[in-house]
Amino acid sequence: MAGARSTGLGPRDPMRSRRVHQRARSHRSPPPGRPAPHPRRRGASGRKGWTLPALDPRRSRERAVGMRQRQGRRAHRIEEGHRRMSELVVTRFAPSPTGHLHVGGARTALFNWALARQLGGRFLVRIEDTDQARSSADAVGGILEDLAWLGLDWDDGPDLETANATLGGDERGIGPFYQSERKAGYDAVIASLIERDLAYPAFESPEELDGLRREARAAKQNFRYRRAREFDRETALQRARDGEPHVVRFRMPEEEIAVEDRILGQIAFGEDQLDDFVIRKRDGFPTYHLAVVVDDEAMGVTHVLRGQEHLGNTPRHVALQRALGYREPVYAHLPVIFNPDGSKMSKRDKDKAGRLAVREALTLDEAGTRARLDGELDPAILDGWIADKKAQLSGTDLASIERLLGLELPGIDVEDFRHAGYLPEVLVNFLALLGWSPGQKDAEGKDVERFTPGELAKQFSLERVGKGNAKFDRAKLLAFSQETLGGQDDAEFQADWETWCERYAPEALGHLQGSARARFAAAMKPRSRTLAEPTSADGPGAFALVGDDTYGFDPKAVGKFLDKGEPSGRQLLPELRQVLAGLEPFEPEAIEAAVGAVAEAHCLGMGKVAQPLRVALTGRAASPALGDTLAILGRESVLRRIDRCLAECSTS
RNA sequence: GUCCCCAUCGUCUAGUGGUUAGGACUCCGCCCUUUCAAGGCGGCAACACGGGUUCGAGUCCCGUUGGGGACGCCA
């Protein structure tokens, strides 16, 4: 029990907790139109019946030295059952629309979605756009589309039309789902808090506070804002009424606040760490803390799963809920996702990498780099971005830089992975494993690691979410993708690949007409780790996506397979050309048989004949199976390519 | 500086007092083979450290070390 450790209070006293609860409840007043909160099996008093602490001498001794309650999860499982019968489970994903959906956010959304589906509840999406400076409508659209693409359908929230469904809607009458449209509600809550002297106006300027924080830091002290003893309420209220700029702060109760976390256990925050935090900003908008608490209550949210960076905010939210007589949702804080280098995976990572690369390019060749970038990027924006570590460029600008400078920026956003050719179910599968595991073995005793979103929804439980932070391992994601793609049937793969092409590489499809397309897709399936690889310029499928006279011949391959041998590969080509010119049908099996016959006639192994042909047709020593390669190209191309090879790769 | 969280192969993890510590990814080897893949088989590799508790500790407790998070009129 962290609180006991930190505050030196010794054994946790269930009665003490109960007093807190009762006091909190005493000023509860259910909001109009909503049923009164029913008591819950919760906290120390609720758990007591299941763990029987007093009957187990060992356990009570351990508690006396401050042991965290390991039995908690069992009790929770039972509690979850109770909740399921008595109450609709509601989870939510509440992004702030300041950019694309990144994978960390996607995982949070995924777990919320999975929990709601698992418990037969509802999953809602709410847009937290109280930050006027940074929120944008574009970002909202992008995030919603990313969620939909991942297959995380929401029951309540902003509307989104997709190909096969309309998501969102407000069946329960709990909207709107944009916090910027819910301002009146927050104002009413804040007014009532001020009325009861649970909140008060504060007039320090940001600069003043900054100074205080710096001072505290210099004195190696911890800064926290608490209402001064000599604070005069009437004067303050009058100044506020007179229009003096101010924020509103919540009067944090002066007592330890314990948070029951479904993943981490019980965590207590001592009174000395809590401060009177701001609930309404100078611009009149509520802060995250106030808005999230008010909205979660109004929208009936029962389970809050969020990143661990929010753990320290939880006592604030709990205090607010108690002051307002709200129900306390179940909390579960998810471990953080890291980059392979151990740094926190952040939405700013791409900017960071890009900035570094641009700076490097600038140092090497200032004028040249500028010339390349200036066409697509506003120089002023670019310079600002280079100078400011925290600045973020738009996705299109970042993509321009990536393309113009030939970089590969690290994928962070869901859109990045979509672009990179990952199937949504692969990303979902992989993301789910970052922190959660099904804990099941298959028939061979191996861990179950591959599952569909549907299976995840069936299996998911908070008990199986780990506490440790996880690194995002791209190699494993790639392997998952390859395995999934390889397991598809040819038609399925082709359809997914074509869909990807339509969005990201429409010109590629133009090269593959008629039956060649299906043949190409089938040949590329086992050779592709992502949907982007078939069209990769240096991939095994590149030969089919270039004109008959635009590809080059790899000198090493030419040297090895055309120049050498007795007869040399080159000498075999005219004969092969002739055989192929008259071959009917021009199909893989017939082609391989015909080439095999030529080999046999010269008492050569298949390789001695196939490789020269392969080099002539593709310019390289590697391509799909020979029959497939030829059939994909078609007879005309094949003959033209042999002719060009003969002409261009002459002996020198 | 204060507070909080975390700790099993390089990575993701299984493991809830008695296991030859299991799986997956990566890497390496072999087989298959007209190339590249794919596929099959096999291998390397971990309980951070120190104290307790216990007949017995990866599992429970304490400490150390290491990693991470928070300390905004961002969310």
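Just the heavy atoms: all of them, side chains too, but no hydrogens, waters or symmetry mates, feed the values below. Protein chains get the first letters and strands the later ones, always in sequence-line order, with residue 1 at the start of each.
- Look at CG on A/D131: it is 6 Å from C1' on B/C74, rounded to the nearest Å.
- The side-chain contact (heavy atoms from CB on, under 4.5 Å) test applied to A/R280 returns A/D187, A/I190, A/V248, not counting sequence neighbours.
- Residues A/V278 and A/G312 both approach RNA chain B. Their nearest nucleotides, taken by heavy-atom distance, put A/G312 toward the 5′ side.
- Contacts of A/R224 classified as side chain to side chain donor-acceptor pair (under 3.5 Å), with partners at least two apart in sequence or in another chain: none.
- Look at B/G66: its Watson-Crick or wobble partner, with both distances under 3.5 angstrom, is B/C6.
- When Watson-Crick and G-U wobble pairs are counted only if both distances are under 3.5 Å, B/U34 pairs with no nucleotide at all.
- The stretch residues 425-432 of chain A does not touch RNA chain B, since none of its heavy atoms comes less than 4.0 Å from the strand.
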Polar atoms only, N or O, under 3.5 Å: list the protein pairs with nucleotides 10-14 of chain B and their distances.
residue, atom, partner, partner atom, Å
B/C12, OP1, A/K471, N, 3.0
B/C12, O2', A/L433, O, 3.2
B/C12, O2, A/K476, NZ, 3.2
B/U13, OP1, A/G435, N, 3.0
B/A14, OP1, A/S437, OG, 3.3
B/A14, O3', A/R464, NH2, 3.3

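- The separation between A/F269 atom CZ and B/G69 atom P is 16 Å, rounded to whole Å.
- Not a single side chain to side chain donor-acceptor pair (under 3.5 Å) links A/D489 to another residue, sequence neighbours left out.
- Rounded to whole Å, the distance from CG on A/L477 to P on B/A24 is 18 Å.
- A/R217 pairs by the side-chain contact (heavy atoms from CB on, under 4.5 Å) definition with nothing, not counting sequence neighbours.
- Whole-Å rounding puts the A/D276 CG to B/C73 P distance at 12 Å.
- Residue A/N313 places a side-chain atom within donor-acceptor reach of the base of B/A75, judged by atom type and a 3.5 Å distance cut-off alone.
- In this view, A/E425 satisfies the salt bridge (Lys or Arg N to Asp or Glu O under 4.0 Å) rule with no residue, not counting sequence neighbours.
- For the side chain to side chain donor-acceptor pair (under 3.5 Å) test, residues two or more places apart in sequence or in another chain that qualify with A/S568 are A/Q571.
- At a cut-off of 3.5 Å, with distance as the only test, no side-chain donor of A/N112 or A/R92 sits close to an acceptor on the other residue.
- Nucleic acid contact class of A/E204 (heavy atoms, under 4.0 Å, all strands): base.
- Here A/E455 pairs with nothing under the salt bridge (Lys or Arg N to Asp or Glu O under 4.0 Å) rule; sequence neighbours left out.
- In summary, A/D276 and A/R251 do not engage in a salt bridge, as defined by a charged side-chain N under 4.0 Å from a carboxylate O.
- Heavy-atom distances to RNA chain B give each of A/Q308 and A/H289 a nearest nucleotide, and the one nearer the 5′ end belongs to A/Q308.
- A/K467 has its NZ atom 13 Å from the P atom of B/U8, to the nearest Å.
- As judged by a 4.0 angstrom heavy-atom cut-off over every strand, A/R213 is placed among residues touching the sugar-phosphate backbone only.
- Between A/H310 atom NE2 and B/G69 atom C1' there is a gap of 12 Å when expressed in whole angstrom units.
- Between B/C73 and A/R249, a contact under 4.0 Å exists linking OP1 or OP2 to a side-chain N or O.
- For the pairing with A/F430, the side chain to side chain contact (heavy atoms under 4.5 Å, CB included) check across A/V103, A/L478, A/L477 returns one residue only, A/L477.
- In this structure B/C74 sits in no base pair that meets the Watson-Crick or G-U test at under 3.5 Å.
- Residue pairs meeting the salt bridge (Lys or Arg N to Asp or Glu O under 4.0 Å) criterion with at least one member in residues 520-537 of chain A, sequence neighbours excluded: A/D490-A/K525, A/R529-A/E533.
- Here A/Q440 pairs with A/Q459 under the side chain to side chain donor-acceptor pair (under 3.5 Å) rule; sequence neighbours left out.
- In summary, the side chains of A/H333 and A/H310 do not present any donor paired with an acceptor at a separation below 3.5 Å, with no hydrogens or angles considered.
- Protein atom CG of A/L290 is 11 Å distant from nucleotide atom P of B/A75, rounded to whole Å.
- Nucleotide B/U19 forms a pair with no other nucleotide shown, judged by Watson-Crick or G-U wobble geometry with both contacts under 3.5 Å.
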Write down the protein N/O and nucleotide N/O pairs, taken from nucleotides 27-38 of chain B, whose separation is under 3.5 Å; answer none if there are no such pairs.
residue, atom, partner, partner atom, Å
B/U34, O4', A/G607, N, 3.3
B/U34, O2, A/R614, NH1, 3.3
B/U34, O4, A/E592, OE1, 2.1
B/U34, O4, A/E592, OE2, 3.0
B/U35, O4', A/Q611, OE1, 3.1
B/U35, O4', A/Q611, NE2, 3.4
B/U35, O2', A/A621, O, 2.7
B/U35, N1, A/R614, NH1, 3.3
B/U35, O2, A/R614, NE, 3.3
B/U35, O2, A/S623, N, 2.8
B/U35, O2, A/S623, O, 2.8
B/U35, N3, A/R614, NH2, 3.0
B/U35, N3, A/S623, O, 2.6
B/U35, O4, A/R614, NH2, 3.4
B/U35, O4, A/A625, N, 3.2
B/C36, O2, A/R527, NH1, 2.6
B/C36, N3, A/R527, NH1, 2.4
B/A37, O2', A/P526, O, 2.8
B/A38, O4', A/P526, O, 3.4

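- Heavy atoms of A/V247 sit under 4.0 angstrom from at least one base atom.
- Backbone-only contact: A/T130 has heavy atoms under 4.0 Å from sugar-phosphate atoms and none from a base.
- Atom CZ in A/R306 sits about 17 Å away from atom P in B/C74, given to the nearest Å.
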